[in-house]
Chemist: 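For reference, the structure I am asking about is given below.
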Protein chains: 2
Amino acid sequence: MAKIGIKQVAALSGVSIATVSRTLRNPEIVSEKTRQKVNDAVKKAGYKPNKMGSSLRTQESGNIVVIIPDVTDPFNSGIICAIEREAQKLGYSVLLGDTQNDPKRAEQYAEMVEYGQADGILLFSYNLPIDVTPDENGQVNLPPIVNVCESTAYENIHKVMVDDEEGARKATQHLIDLGHKRIAVITGNENTTTNQNRLAGYQKALINAGIELDDRLIMQGNYQIDSGVEQTKKLLLFKDRPTAIFCFCDLMAMGAVKVLHDNGYAVPNDMSVIGFDDIKFAEFTYPAISTVRQPVDEIGKTCMHQLYKLLKDKPAEQYIELKTDLIVRDSTGPAPKG
Amino acid sequence: MAKIGIKQVAALSGVSIATVSRTLRNPEIVSEKTRQKVNDAVKKAGYKPNKMGSSLRTQESGNIVVIIPDVTDPFNSGIICAIEREAQKLGYSVLLGDTQNDPKRAEQYAEMVEYGQADGILLFSYNLPIDVTPDENGQVNLPPIVNVCESTAYENIHKVMVDDEEGARKATQHLIDLGHKRIAVITGNENTTTNQNRLAGYQKALINAGIELDDRLIMQGNYQIDSGVEQTKKLLLFKDRPTAIFCFCDLMAMGAVKVLHDNGYAVPNDMSVIGFDDIKFAEFTYPAISTVRQPVDEIGKTCMHQLYKLLKDKPAEQYIELKTDLIVRDSTGPAPKG
DNA sequence: AGTTTTTCATAAAACGTTTACATAATACTG
DNA sequence: CAGTATTATGTAAACGTTTTATGAAAAACT
């Protein structure tokens, strides 16, 4: 069984290969009659246009690569899922670029566009895996790339962000409203912009409420569940324990709740816990975790659309900021008396 | 700035393009001297070989597509992560094929190899998205594909499976050993092979222990967390409640534990719960969930290696079965007296 | 009928590689 | 040193498309 390419289809339908190609890509410019013939032949032969051939010719791979630290994180996998759905609608395939937090790997993935393996990049990271030193003409030539959630220092790049500061402010305010005064945080990785913004939001809320900042209540986590566990343990050792813990992601909140339970604390009666992200299972833990919802589907959809515009040389907003929602569930409650 | 291709590098280093290509792909067959020249030119020009060009010529995309129902499931994302790591080592990129449980999409992803967009398939599904009706010569020509975890009915295909039956048997036996007699299960999607095998394991363990089967204790779940919630609620309505629940995945176990807590049951004192998979956060819930560990990294690694063999026309084992481990944590305990 | 316009199809030239084959250069043999 | 084996390079033909000229045929005007 000889391999069937466009040539075979052309022969079968008695037209030139150019006509076959046109029938498939620009049906409207070929006459009804020949279109029919060609389509029949395509179907009969079971012709599948070779992607590499067309990619080579059009100089478009039809792929995008999403560079993300860890697919295993439920927040990330939620985003990826949303992206993929949207990418497919727009005719793109997604290459997975799980970096495992390794900048080297991020660079390798980013290079995919230089190699023509991908047309654009969706970047979830605060460090830029591409070179932005200007060339002799002072021009930086960026690949189509949109920076999502985590912001790189490089300004001149399209971004889709979440209002982390406001989100954190709302969470903190929620705790304050419940009467909490000693509110600890377990942060994410120190250098991430999400972390910095959330921290700012937390501090602003406290200041705003006239609560003195206490750096001892700022525990350094890393967005991973174990750090939620570790840091909570440390907090419990304090003589003047906090009455509430704001974790910068739900995963750490899960870890916190776990430690609290393990040590006989009731949540929220003895200690309130609030997370961030609203991952899928936040509502299925016990108690259901109060959190700040990030609009995962919207993030995925938006960043893919932004990238699409760049890919198609259409104008795209330089900066888009999405809003969060405070989701109050059962892990936050009034501050214990005394 | 003209685009730099192999031609420019050839010109720059004063050799033919063939030599450049050889220097890059088969350095050993080109003389030390010219190799030097070429490599210098490559570096100076910042040459990045175009993937589409080479793919077209070699008829290899260098991509594999992993077809999986839902990246958002922590078990799945764990696997994907493992696969990706291994794929990279072997020089392959991974295209994400999240089907959202839609067979249509699975077929589309599978077609990627017909279109030359991917070289092989890693399939996590019990229905086959490719056509296996024999041609005129009675031959089926399969793409390079390995079927993982979930088994399709089609025998003549390479598989990497987990011993689900034994895993389920061990879990059930563990409960039996703790004195439980009324052991409910919350199953996965009815048609999946994993589900059938786990069910078989459960039943065999019971029979083996001389415990009468009670179909009312078999609750139909779907591997999603909400179904753990729903089905557990139903179980609690029974006059003769079970004393233990075996959930066919950890997610459903989380749901079960949640419902139990919400309704005032202590786990494991009033009711034991055991899961399956050992997803990353199983140990961080409260109580930490006892479960049957699937060797996620090994699964990912093994199936990728198997696929690699197929891709390189090397002999590959038709069937590989990996073992599970019983992980006893805190959600299972002795059956309540009386 | 002759001219212009429109529509449709073709031939051929890319796209950027790799590689079979041919040739040139070098090393080895007796 | 001629003759042969070996090694290193170059030439040119693929790989499977899309698309730009280009031309032929058909349709629409004088």
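Below, chain A is the first sequence line, B the second, and so on; all start at residue 1.
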Chemist: Would you kindly give the CD1-to-P distance between Ile29(A) and dT18(D), to the nearest whole Å?
Modeler: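 Result: 12 Å.
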Chemist: With a non-hydrogen cut-off below 4.0 angstrom, is Ser21(B) in contact with a base, only sugar-phosphate, or nothing?
Modeler: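 If one applies the 4.0 Å heavy-atom cut-off, Ser21(B) turns out to touch a base.
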Chemist: Counting side-chain heavy atoms from CB outward, which of dT17(C), dA11(C), dA9(C) is closest to Ala18(A)?
Modeler: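 Given the options dT17(C), dA11(C), dA9(C), the side chain of Ala18(A) is closest to dA11(C).
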Chemist: Where the side chain of Thr19(A) is concerned, which of dC15(C), dA9(C), dT11(D) is the nearest nucleotide?
Modeler: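 Selected nucleotide (nearest to the side chain): dA9(C).
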Chemist: How long is the line joining CE of Met52(B) and C1' of dC15(C), in whole Å?
Modeler: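 Rounding to the nearest Å, CE of Met52(B) and C1' of dC15(C) are 12 Å apart.
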Chemist: Nearest whole Å is fine: how far is dC15(D) C1' from Arg57(A) CZ?
Modeler: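 After rounding, the reported distance stands at 15 Å.
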Chemist: Check this for me, if you would: do Arg35(B) and Glu32(B) make a salt bridge, where the nitrogen-to-carboxylate-oxygen distance has to be below 4.0 angstrom?
Modeler: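 Salt bridge: yes.
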Chemist: Please determine whether a side-chain nitrogen or oxygen atom of Tyr115(B) lies at a distance below 4.0 Å from atom OP1 or OP2 of dT17(D).
Modeler: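 So the side chain of Tyr115(B) is outside the cut-off, no N or O lying under 4.0 Å from OP1 or OP2 of dT17(D).
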Chemist: Between dA14(C) atom C1' and Leu56(B) atom CG, what is the distance in whole Å?
Modeler: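 The answer, rounded to whole Å, is 12 Å.
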Chemist: In whole Å, what is the span from the CD1 atom of Ile6(A) to the P atom of dT17(D)?
Modeler: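 Computing the Ile6(A):CD1 to dT17(D):P distance gives 6 Å.
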Chemist: Looking at Ser16(B), does any N or O in its side chain come under 4.0 Å of the phosphate oxygens OP1/OP2 on dG10(D)?
Modeler: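 Checking dG10(D) against Ser16(B), a side-chain N or O does come within under 4.0 Å of OP1 or OP2.
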Chemist: Looking at dC15(D), I'd like to know if its phosphate oxygens (OP1 or OP2) sit under 4.0 Å from a side-chain N or O belonging to Thr58(B).
Modeler: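 No, outside the criterion.
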Chemist: Is the shortest side-chain N/O distance from Gln59(B) to OP1 or OP2 of dG16(D) below 4.0 Å?
Modeler: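 Answer is yes, contact under 4.0 Å.
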Chemist: In whole angstrom, what separates Asn26(A)'s CG from dT20(D)'s P?
Modeler: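 For the pair Asn26(A) CG and dT20(D) P, the rounded distance is 10 Å.
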Chemist: Hey, is the side chain of Thr34(B) poking within less than 4.0 Å of OP1 or OP2 on dT9(D), counting only N and O atoms?
Modeler: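 Looking at the OP1 and OP2 atoms of dT9(D), one of them is under 4.0 Å from a side-chain N or O of Thr34(B).
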Chemist: Counting just side-chain N and O atoms, does Lys48(B) come under 4.0 Å of either OP1 or OP2 of dG16(C)?
Modeler: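 So the side chain of Lys48(B) is outside the cut-off, no N or O lying under 4.0 Å from OP1 or OP2 of dG16(C).
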Chemist: Report the residue from Lys3(A), Lys48(A), Lys51(A) that forms a salt bridge (Lys or Arg N to Asp or Glu O under 4.0 Å) with Glu114(B).
Modeler: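 So the option named by the test is Lys48(A).
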Chemist: Is the shortest heavy-atom distance from the side chain of Asn147(A) to the side chain of Met161(A) under 4.5 Å?
Modeler: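 When only atoms from C-beta onward are counted, Met161(A) and Asn147(A) do touch, with a gap below 4.5 Å.
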Chemist: Please determine whether a side-chain nitrogen or oxygen atom of Ser54(B) lies at a distance below 4.0 Å from atom OP1 or OP2 of dT17(C).
Modeler: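 Looking at the OP1 and OP2 atoms of dT17(C), neither is under 4.0 Å from any side-chain N or O of Ser54(B).
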Chemist: Would you call Asp98(B)-Arg105(B) a salt bridge at under 4.0 Å N-O?
Modeler: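 Here Asp98(B) does not pair with Arg105(B) in a salt bridge, since their nearest N and O are not under 4.0 Å apart.
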Chemist: Determine whether Pro74(A) and Lys280(A) make a side-chain contact, defined as any pair of heavy atoms from C-beta on separated by less than 4.5 Å.
Modeler: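 Contact flag for Pro74(A)/Lys280(A) side chains = no.
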Chemist: Taking for each residue the nucleotide of DNA chain D bearing the nearest heavy atom, is the 5' side occupied by Gly53(B) or by Lys33(B)?
Modeler: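 Checking each residue's closest nucleotide, the 5'-ward one belongs to Lys33(B).
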Chemist: Rounded to whole Å, how long is the line connecting atom CG of Asn50(B) with atom P of dC15(D)?
Modeler: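 Asn50(B) atom CG is separated from dC15(D) atom P by 19 Å.
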Chemist: Can you measure Arg22(B) atom CZ to dA22(C) atom P for me and round it to whole angstrom units?
Modeler: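 Spelled out: CZ on Arg22(B) to P on dA22(C) is 15 Å.
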